[in-house]
Amino acid sequence: MSGAPGSNARPYDPPLAGVRILDLTTGAMTAVGRLFADLGAQVTVVRLRGVTDDRTVGPYIDGIPVGTAIDRHGMTAFELDPSTPGGAGEFAALIAEADILIENTRPGSAAEAALSVRDLRERYPRLVVLSISDFGRDTEYRTWAATSPVLHALSSELSRSGIPGREPLIPPAELPYHVAAAQAAVMTMSLLLDRLRTGEGDLIDFAVLEGAMQTLDPPFGSAGSASAGVAVSAQQRDWHAEQLRYPIFACQDGHVRICILSKRQWHGMFALMGSPQEFADPSYDKLGKRFRSPDLLATIARFCADKTRADLEVRCQAHGVPAAAVLTLPEALGAHHFAARGFFRDAELAPGVVAPIPAGVCEIDGHRAVASLTPPGPPRTRSAPVLAGRARRGEGRPLEGLRVLDLGVIVVGADTARLFGDLGAEVVKIEHSAHPDGLRIGKPTAMTQPFAAGQRNKRSIGIDLRLPEGRALAHRLVEQSDVVLTNYKPGVAEALGMDHATLQRVNPDIVVVDNSAFGPTGPWAKRLGYGPLVRAAVGFTNLWVYPGEAETFCDTVTVYPDHVAARIGTLSALALLWRREHTGRGGSASISQAEVMLSHLAPDIAAEALQRRGHVRTGGADPDTPWGLFRARGEDRWIAVTVRHDDDRQALCDVIGHDGHTSLVDSVREWAARHSPVEAMDRLQAAGVPAGAVLHADELPGWEYYEQRRSFREELHPHGATPYMMENVQIHCEHVADPPLGQAPLLGEQTAEIAAELLGLDADAIEALHDRGILETPEVDPARS
């Protein structure tokens with residue numbers, strides 16, 4: 001597979017060629033249109049007088065909004081006045097030909113009333129409408145306003161970021177919007193695919209806050225394996241403890257992050273250090289013992305101190321120890337890996353203004369999925385030869401009738417397939433105790449909240465893929481499936497006979513998605529990679545520090561970019577399924593978590609490159625404009641207060657009684673300290689000032705906003721000790737039901753059931769395969785069942 005577009009023998013066939021999208025959005029959520037355009041859709045930007053506003057996204061270089069310019073690059077734009085007969089007619093003609101309309105008018109505004117998307121839905125029933133707002137349009141909070149700090153605060157992300165006793169640390173980039181855009185695109189694509197069967201579109205009421213909460217670092221979703229089964233919802237801000245999970249060590253020329261999570265990885269580190277006898281006790285094989293040993297960390301620190309980052313990377317990789325240098329962003333961008341993969345390309349963002357921007361965030365059939373290489377094509381035949389033959393269960397979910405084989409592991413693997421299950425697909429998880437999912441903590445018959453949350457609505461079959469007979473059984477499942485999902489290190493799927501090249505011979509219609517740390521090609525392709533290592537290698541860890549304090553690395557607690565990379569994988573699969581319905585051909589998608597992350601930093605990367613070329617950064621903020629965290633009444637309680645423009649500033653002054661004789665920032669600091677975070681938030685939002693209390697994870701289900709959006713539900717798992725809180729609604733629209741209530745399976749819990757149902761095996765054959773270790777079912781303690 002090549003990172004260079006067009007290098008494969010088969011010409012690139014963009015999966016969404018012929019899909020027509022009208023994009024009326026402004027501001028940060030223009031990122032949705034960018035995702036669709038790079039997959040081949042024809043995205044037309046429409047500026048409607050009296051409807052669309054002029055919000056843009058920086059940084060600003062020579063007055064150019066770089067973020068907006070990247071999102072809109074290569075798109076056709078129209079300016080129309082719908083109050084005139086000509087403008088109204090032209091807009092009607094565009095909508096009549098469109099598949100998707102994306103808009104983000106402010107709820108309660110004249111623009112919302114003028115556009116009237118519900119009327120549009122009635123007039124154009126085939127249209128899929130993605131209606132975006134900060135807090136949704138169906139709650140008492142619909143007129144509230146958000147910014148990145150507010151979204152971080154109300155999603156609970158900020159309650160886990162930073163050093164205790166200090167203000168929570170806002171992560172770099174505009175992450176809430178980027179991750180929410182991926183969630184919005186998945187939901188929209190699922191409805192478009194289902195329209196091939198139903199002939200009807202729908203209206204999605206999408207809230208950026210929910211998308212950010214579910215996709216950045218969801219407090220009731222899957223957590224990383226280093227959490228040792230402790231859900232994010234139970235974790236508090238403890239910077240020192242967090243350093244034990246994915247520790248960073250100083251070395252001769254900077255820092256290196258080393259992850260020692262498994263017994264095998266610990267044995268590699270033990271050998272690398274010369275097998276020190278004080279750590280030879282077998283108890284150090286256990287993760288908890290290593291986490292609780294300050295002497296061990298001190299010994300590793302001494303081992304690293306006199307070595308370079310490159311030396312440590314090579315030594316650790318040779319011993320099977322996951323490690324990555326903590327690079328600055330310029331160092332990361334200079335790495336040969338990204339050049340070899342062709343991730344960046346120069347683009348003219350404005351006349352004479354050329355900067356490097358991402359060449360798409362996924363590869364389709366070995367080609368970069370990038371808009372400039374996919375000229376708009378004619379609409380494809382509106383048919384559904386595969387889906388038409390699949391009976392929908394009548395449960396109101398768009399992906400009913402699809403079957404997905406899930407070989408994914410840990411968080412990316414969990415979420416990619418879980419999204420399919422939540423939207424109605426049948427998901428079969430293939431696993432085995434010889435190579436278990438790292439998210440399973442403890443016995444195969446044990447259950448934890450992170451696993452229950454990430455693996456719901458799936459069934460599990462235990463198959464040993466190391467054995468030829470096991471692979472043959474898996475291939476029989478592939479023959480009957482639509483999608484295969486993996487996120488192994490490159491090379492593992494091939495060894496197990498579950499790579500696209502093998503599977504397309506088994507089933508030419510199959511769609512295969514692989515999701516890896518650094519992508520399937522390039523010098524870093526086979527590096528051991530967890531999310532924390534990817535963050536270190538692409539410069540993100542180095543950016544997530546307090547200003548001027550280079551070693552206050554605070555990215556440890558988050559599992560970013562796992563959840564958003566999963567959405568990109570799901571979106572790619574849905575796009576390929578759309579293409580399959582029109583061409584009869586399956587395909588493959590490859591996602592690099594590193595490239596997903598760099599795409600979120602794209603505006604800053606382009607701006608820095610332009611500044612190096614002599615362009616001037618403009619639009620700096622007034623230092624006395626509140627934008628950040630302020631301590632509120634109560635222990636470790638905080639509120640995000642953000643002022644976007646003069647109207648916000650005046651409203652803020654009115655609320656806090658600022659007289660103009662002192663610093664406004666100081667006045668906000670003094671005022672916030674007298675109020676609880678929620679009281680301060682309510683008063684500021686009522687005046688139109690974007691503000692958000694820094695909520696802890698366990699506060700989210702009880703906050704009325706999330707209650708009104710039915711965001712969470714409690715579930716008692718038969719193999720769990722206590723009821724689990726987990727996410728509920730994924731998509732708000734008229735024709736889609738809430739996610740099913742299928743509980744996460746034990747390892748191989750449905751082996752016999754699936755073997756009989758899908759493989760056609762009788763009881764004797766199933767028993768014989770169990771006896772030979774090809775199939776596997778756990779023995780469950782009757783007392784727990």
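Counting from 1, the numbers follow the sequence of the chain as shown.
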One should read off an interatomic distance between Asp659 CG and Leu664 CG, to the nearest 0.5 angstrom, of 10.5 Å

Measure the shortest side-chain to side-chain distance between Arg710 and Asn728 over non-hydrogen atoms and say whether it is less than 4.5 angstrom.
-> yes

Mark yes when over 12 heavy atoms from residues, nucleotides or ligands other than Arg49 sit less than 6.0 Å from its CZ; otherwise mark no.
-> no

Going by an N to O cut-off under 4.0 Å, is there a salt bridge joining Arg669 and Asp666?
-> yes

Would Thr68 and Thr56 count as a side chain to side chain donor-acceptor pair (under 3.5 Å) if you check the C-alpha gap in whole Å, the side-chain angles of each, and the deciding distance to 0.1 Å?
-> CA-CA 6 Å; Thr68 298; Thr56 55; 4.9 Å; no

Backbone N or O of Ala606 within a donor-acceptor pair of the Gln611 side chain at under 3.5 Å?
-> no

Mind jotting down which residue pairs meet the salt bridge (charged side-chain N to carboxylate O under 4.0 Å, His left out) criterion with at least one end in residues 598-621? Sequence neighbours excluded, please.
-> none

Check Leu533 against Cys259 and note the closest heavy-atom contact, atom names and distance.
-> CD2-SG, 3.6 Å

For Val534, does its backbone N or O pair with a side-chain atom of Gln593 as donor and acceptor, under 3.5 Å?
-> no

Locate the shortest heavy-atom distance separating Gly628 from Ile170; write the atom from each residue and the value.
-> CA-CD1, 4.3 Å

Residues Thr26, Thr52; criterion side chain to side chain donor-acceptor pair (under 3.5 Å); working and verdict = CA-CA 7 Å; Thr26 60; Thr52 56; over 6 Å; no

Rounded to the nearest 0.5 Å, what's the gap from CG on Leu349 to CG on Asp71? Could you check?
-> 10.5 Å

Less than 4.0 Å between a side-chain N and a carboxylate O, is that true for Glu210 and Arg709?
-> yes

Checking Tyr706, Phe135, Trp703 against Tyr141 for ring-ring contact (aromatic ring centres under 6.0 Å, His included), the one that qualifies is Trp703

When you measure from the side chain of Asp134 to the backbone N and O of Ala146, does any donor-acceptor pair fall under 3.5 Å?
-> yes

To the nearest 0.5 Å, what is the distance between CD (Gln183) and CD1 (Ile568)?
-> 11.0 Å

Distance (rounded to the nearest 0.5 Å) between Arg567 CZ and Leu35 CG | 13.0 Å

What distance separates Ser599 OG from Arg34 CZ, expressed to the nearest 0.5 Å?
-> 11.0 Å

May I have the step-by-step check of side chain to side chain contact (heavy atoms under 4.5 Å, CB included) for Leu158 and Trp638, ending in yes or no?
-> CA-CA 9 Å; Leu158 277 184; Trp638 302 84; over 6 Å; no

Please say which of Asp648, Ile656, Val689, Val643 ends up in a side-chain contact (heavy atoms from CB on, under 4.5 Å) with Pro626.
-> Val643

Begin from the C-alpha positions of Thr25 and Asn104 and carry the test side chain to side chain donor-acceptor pair (under 3.5 Å) through to its verdict.
-> CA-CA 5 Å; Thr25 61; Asn104 66 341; 5.0 Å; no

Residues Leu24, Ile102; criterion side chain to side chain contact (heavy atoms under 4.5 Å, CB included); working and verdict | CA-CA 6 Å; Leu24 279 64; Ile102 311 175; over 6 Å; no

Using distance alone, with no hydrogens and no angle criterion, decide if Tyr177 and His600 have a side-chain donor and acceptor under 3.5 Å apart.
-> no

Look at the side chain of Asp636 and the backbone N and O of Gly165, then say whether any donor-acceptor pair between them is shorter than 3.5 Å.
-> no

Does anything in residues 533-548 pair up under salt bridge (charged side-chain N to carboxylate O under 4.0 Å, His left out), and if so which pairs, sequence neighbours excluded?
-> Arg535-Asp555

Search all heavy atoms of Tyr60 against all heavy atoms of Val57 and return the closest pair with its distance.
-> OH-N, 4.0 Å

Answer yes or no: is there a donor N or O on one side and an acceptor on the other, between the side chain of Asp205 and the main chain of His732, under 3.5 Å?
-> no

Locate the shortest heavy-atom distance separating Pro677 from Ile639; write the atom from each residue and the value.
-> O-CD1, 3.7 Å

Would you mind reporting whether Pro171 and His152 have side-chain heavy atoms less than 4.5 Å apart?
-> yes

Lys/Arg cation over aromatic Tyr546: Arg166, 6.0 Å, 45° cone | yes

Asp62 side-chain N/O to Ile64 backbone N/O, donor-acceptor pair under 3.5 Å = no

Checking salt bridge (charged side-chain N to carboxylate O under 4.0 Å, His left out) against Arg637, which of Glu167, Glu699, Glu679 comes through?
-> Glu699

Heavy atoms only: give me the nearest Pro532-Arg257 pair and the separation to one decimal.
-> O-NH1, 3.0 Å

Salt bridge flag under 4.0 Å for residues Arg142 and Asp138 = no

Heavy-atom side-chain proximity of His658 to Thr662 below 4.5 angstrom | yes

Compare every heavy atom of Pro561 with every heavy atom of Gly531, then report the nearest pair and how far apart it is.
-> CA-CD, 4.4 Å

Close side-chain approach of Leu684 and Trp671, heavy atoms under 4.5 Å = yes

Please test Phe712 against Phe220 for ring-ring contact (aromatic ring centres under 6.0 Å, His included), starting from the C-alpha separation and ending with a verdict.
-> CA-CA 8 Å; Phe712 300 103; Phe220 296 96; 5.2 Å; yes

Does a salt bridge link Arg47 with Asp23, judged by any charged N lying under 4.0 Å from a carboxylate O?
-> no

So, Arg160 side chain and Ser156 main chain: donor-acceptor pair closer than 3.5 Å or not?
-> yes

Thr541 side chain near Ile248 side chain, heavy-atom distance below 4.5 Å | yes

side-chain contact (heavy atoms from CB on, under 4.5 Å) with Arg309: of Glu331, Gln252, His255, only one passes, and it is Glu331

Determine yes or no for a side-chain-to-main-chain donor-acceptor pair under 3.5 angstrom, with Thr139 supplying the side chain and Gln708 the backbone.
-> no

Dump the intermediate steps for side chain to side chain donor-acceptor pair (under 3.5 Å) on Asp646 and Gln650, then the final yes or no.
-> CA-CA 6 Å; Asp646 289 345; Gln650 184 58 56; over 6 Å; no

Between CD1 of Ile258 and CZ of Phe249, what distance do you get to the nearest 0.5 Å?
-> 5.5 Å

Carboxylate-amine/guanidinium proximity below 4.0 Å for Arg713 and Glu727 | no

Side-chain donor-acceptor pair under 3.5 Å between Ser161 and Trp544, yes or no?
-> yes

